[in-house]
Novice: 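This is the structure I want to talk about, given as structure tokens.
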2 protein chains.
Amino acid sequence: MKNTKQKALIYNAVMQNRCHPTADYIYHLLKPENPGLSLATVYRNLNTFANEGRIIKIGMPNGSDRFDGTLRPHFHMVCEQCGEVLDIDLSQLDHLAEEVYTQSGFTVSSYNLVIYGTCQSCAEVKENNS
Amino acid sequence: MKNTKQKALIYNAVMQNRCHPTADYIYHLLKPENPGLSLATVYRNLNTFANEGRIIKIGMPNGSDRFDGTLRPHFHMVCEQCGEVLDIDLSQLDHLAEEVYTQSGFTVSSYNLVIYGTCQSCAEVKENNS
DNA sequence: TTAGATGCAAACCCTTTGCTTGATT
DNA sequence: AATCAAGCAAAGGGTTTGCATCTAA
């Protein structure tokens, strides 16, 4: 693998923007300072990093995939009001793979959990407006 | 809401095909006997049924959404070998909403869990071939 | 009769791909 | 110099939408 300027830019952007950016977000973030940059390059590199395990790809049903530089196991909550994506640790899922295998004989390789709802700050706003 | 022939056809197709069909699957299933049927109608009605709570929409990251006539809370496992989608009950997730709220103040309205791996029959095939 | 659903095609969004040009080793 | 990546534009898939037509109420 070659070390290109673009790879470094894109990787650093994921690491420094802990908002779970989409490919498009990163593209628009870097584009002004790097007018030559192409969206295809952003996608290609994000997928490469994810396959190498350097970042995590969060598959969002009905929406753009998001990327995450936090490698520790955790899950994601999407606020339906403000659209923000938040992290959460759920220890009750630590043994999901074992439970699934015991119960059904299915060997788990990975899983994707996305939680939808209302984040605390949006709930407070609603509270104050009612 | 009007009771059309198409609505009945599509709803019955979901209920009678417990393979977690996609919109396209249902379309191709019904099309031969109903040459006038349109894919847009299938999508529109499936989404309507899901919004009404008559069926469940399973958002599949990087793939077509699937629909499920089983309303009892349960989750889905996708076999990466044969592509089949299987049901599983996971009681450890019964109190996920409470745990999330306690831990983070996030109010859960719904969540989407998809488990990837190898189903029992595909694992047995691999075993026999090795 | 008329509100609402269908069919069709076009539009849409997100992502990937083919191919030429350009940069890294 | 050879190889691999980037840039561009086009294609791909899955889904939704605008609009005219049709149909259940």
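Atoms considered below: every heavy atom in the structure, side chains included; atoms not considered: hydrogens, waters and symmetry mates. The chains referred to below are lettered A, B, ... by the order of the sequence lines, with proteins before strands, and numbering in each begins at 1.
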Novice: What is the ring orientation for B:H76 with B:H20, classed by angle as parallel under 30°, tilted 30 to 60°, or perpendicular over 60°?
Specialist: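 Ring orientation, 0 to 90° scale: perpendicular.
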Novice: Give the rounded distance in Å between these two atoms: CD1 of B:I10 and P of C:dG7.
Specialist: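 After rounding, the reported distance stands at 8 Å.
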Novice: Whole angstrom is fine here: how far is it from CG in B:D24 over to C1' in D:dG13?
Specialist: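 Atom-to-atom, B:D24 to D:dG13, this comes out as 10 Å.
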Novice: A:Y101 and A:F106: aromatic ring centres closer than 6.0 Å?
Specialist: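 No: the rings miss the under 6.0 Å criterion.
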Novice: Please tell me if B:T4 has a side-chain N or O lying less than 4.0 Å from either OP1 or OP2 of C:dT6.
Specialist: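 Looking at the OP1 and OP2 atoms of C:dT6, one of them is under 4.0 Å from a side-chain N or O of B:T4.
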Novice: Hey, are the side chains of A:Y43 and A:L46 touching, using non-hydrogen atoms and a 4.5 Å cut-off?
Specialist: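 Of all side-chain heavy-atom pairs linking A:L46 with A:Y43, none is under 4.5 Å.
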Novice: Report yes or no: is there a donor-acceptor pair, N or O only, under 3.5 Å between the side chain of B:K2 and the base of C:dA3?
Specialist: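 Yes, the side chain and the base share a sub-3.5 Å donor-acceptor pair.
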Novice: Please tell me which of B:P35 and B:N3 maps to the more 5' nucleotide of DNA chain C, matching each residue to the nucleotide holding its nearest heavy atom.
Specialist: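 Nearest-nucleotide comparison on DNA chain C picks B:N3.
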Novice: Is it true that, when you exclude A:E33 itself, more than 12 heavy atoms of the residues, nucleotides or ligands shown sit nearer than 6.0 Å to its CD?
Specialist: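 Counting other residues, nucleotides and ligands, CD of A:E33 stays at 12 neighbours or fewer.
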Novice: Can you tell me how far P of C:dT15 sits from CG of A:N62, to the nearest Å?
Specialist: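 Rounded to whole Å, this separation is 12 Å.
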Novice: Check each residue of residues 42-51 of chain B for a non-hydrogen atom within less than 4.0 Å of any atom in DNA chain C, then write out the ones that pass by number, or none.
Specialist: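 DNA chain C contact set from residues 42-51 of chain B: B:R44, B:N45.
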Novice: OP1, OP2 of D:dG7 versus side-chain N and O of A:T41: anything below 4.0 Å?
Specialist: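 So the side-chain polar atoms of A:T41 do come within 4.0 Å of the phosphate oxygens OP1 or OP2 of D:dG7, strictly under.
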Novice: In this structure, how many angstroms lie between the C1' atom of C:dT6 and the NZ atom of B:K7, rounded?
Specialist: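 In whole Å, C:dT6 C1' and B:K7 NZ are 9 Å from each other.
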Novice: Identify the pairs formed between an N or O of the protein and an N or O of nucleotides 9-12 of chain C at a distance under 3.5 Å, and give each distance.
Specialist:
none

Novice: Would one find a side-chain N or O of A:Q6 under 4.0 angstrom from OP1 or OP2 of D:dG7?
Specialist: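 Answer is yes, contact under 4.0 Å.
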Novice: Mind calculating the distance between CG (B:N34) and C1' (C:dT6) to the nearest angstrom?
Specialist: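 Taking CG of B:N34 and C1' of C:dT6, I get 13 Å after rounding.
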Novice: When the distance from OH of B:Y27 to P of D:dT15 is rounded to whole Å, what number comes out?
Specialist: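 Atom OH in B:Y27 sits about 15 Å away from atom P in D:dT15.
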Novice: Assign each of A:G36 and B:T22 to its nearest nucleotide of DNA chain D by heavy atoms, then name whichever residue's nucleotide is nearer the 5' end.
Specialist: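 The residue closer to the strand's 5' end, by nearest nucleotide, is A:G36.
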Novice: Do the side chains of B:D65 and A:N62 get nearer than 4.5 Å, heavy atoms only?
Specialist: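 Side chain of A:N62 against side chain of B:D65, heavy atoms only: contact under 4.5 Å found.
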Novice: Within less than 4.0 Å of OP1 or OP2 of D:dG14, is there a side-chain N or O belonging to B:S64?
Specialist: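 For D:dG14, OP1 or OP2 has a side-chain N or O of B:S64 closer than 4.0 Å.
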Novice: Using 30° and 60° as the class limits, which term best fits the ring planes of A:F49 and A:Y11: parallel, tilted or perpendicular?
Specialist: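 Perpendicular, since the angle between the ring planes exceeds 60°.
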Novice: Is any side-chain heavy atom of A:V114 closer than 4.5 Å to one of A:P61?
Specialist: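 Contact flag for A:P61/A:V114 side chains = yes.
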Novice: So that I can tick it off, tell me whether A:D89 and A:R72 are bridged by a salt bridge, with the cut-off set at under 4.0 angstrom between side-chain N and carboxylate O.
Specialist: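 Yes.
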Novice: Between atom CG in A:L39 and atom P in C:dT16, what is the gap in whole Å?
Specialist: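 Atom CG in A:L39 sits about 10 Å away from atom P in C:dT16.
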Novice: Could you check if a side-chain atom of B:L96 sits within less than 4.5 angstrom of a side-chain atom of A:L90, using non-hydrogen atoms only?
Specialist: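 Of all side-chain heavy-atom pairs linking A:L90 with B:L96, at least one is under 4.5 Å.
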Novice: Angle, rounded to 10°, between the helical axes spanning five pairs at each terminus of the helix from C:dT1-D:dA25 to C:dT25-D:dA1?
Specialist: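 If I round to tens, the end axes sit 30° apart.
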Novice: With a 6.0 Å cut-off (strictly less than), is the heavy-atom count around NZ of B:K31, excluding the residue itself, greater than 12?
Specialist: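 Enclosed.
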Novice: Over how many whole Å does the gap from A:I26 atom CD1 to C:dC14 atom C1' extend?
Specialist: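 Value for this atom pair: 15 Å.
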Novice: So, do A:T41 and A:Y27 sit near enough that their side-chain heavy atoms are less than 4.5 Å apart?
Specialist: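 Not touching, per the 4.5 Å side-chain cut-off.
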Novice: Establish, from distance only, whether the side-chain atoms of B:E80 and A:S109 form a donor-acceptor pair under 3.5 Å.
Specialist: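 Per modelled atom types, B:E80 and A:S109 side chains form a pair under 3.5 Å.
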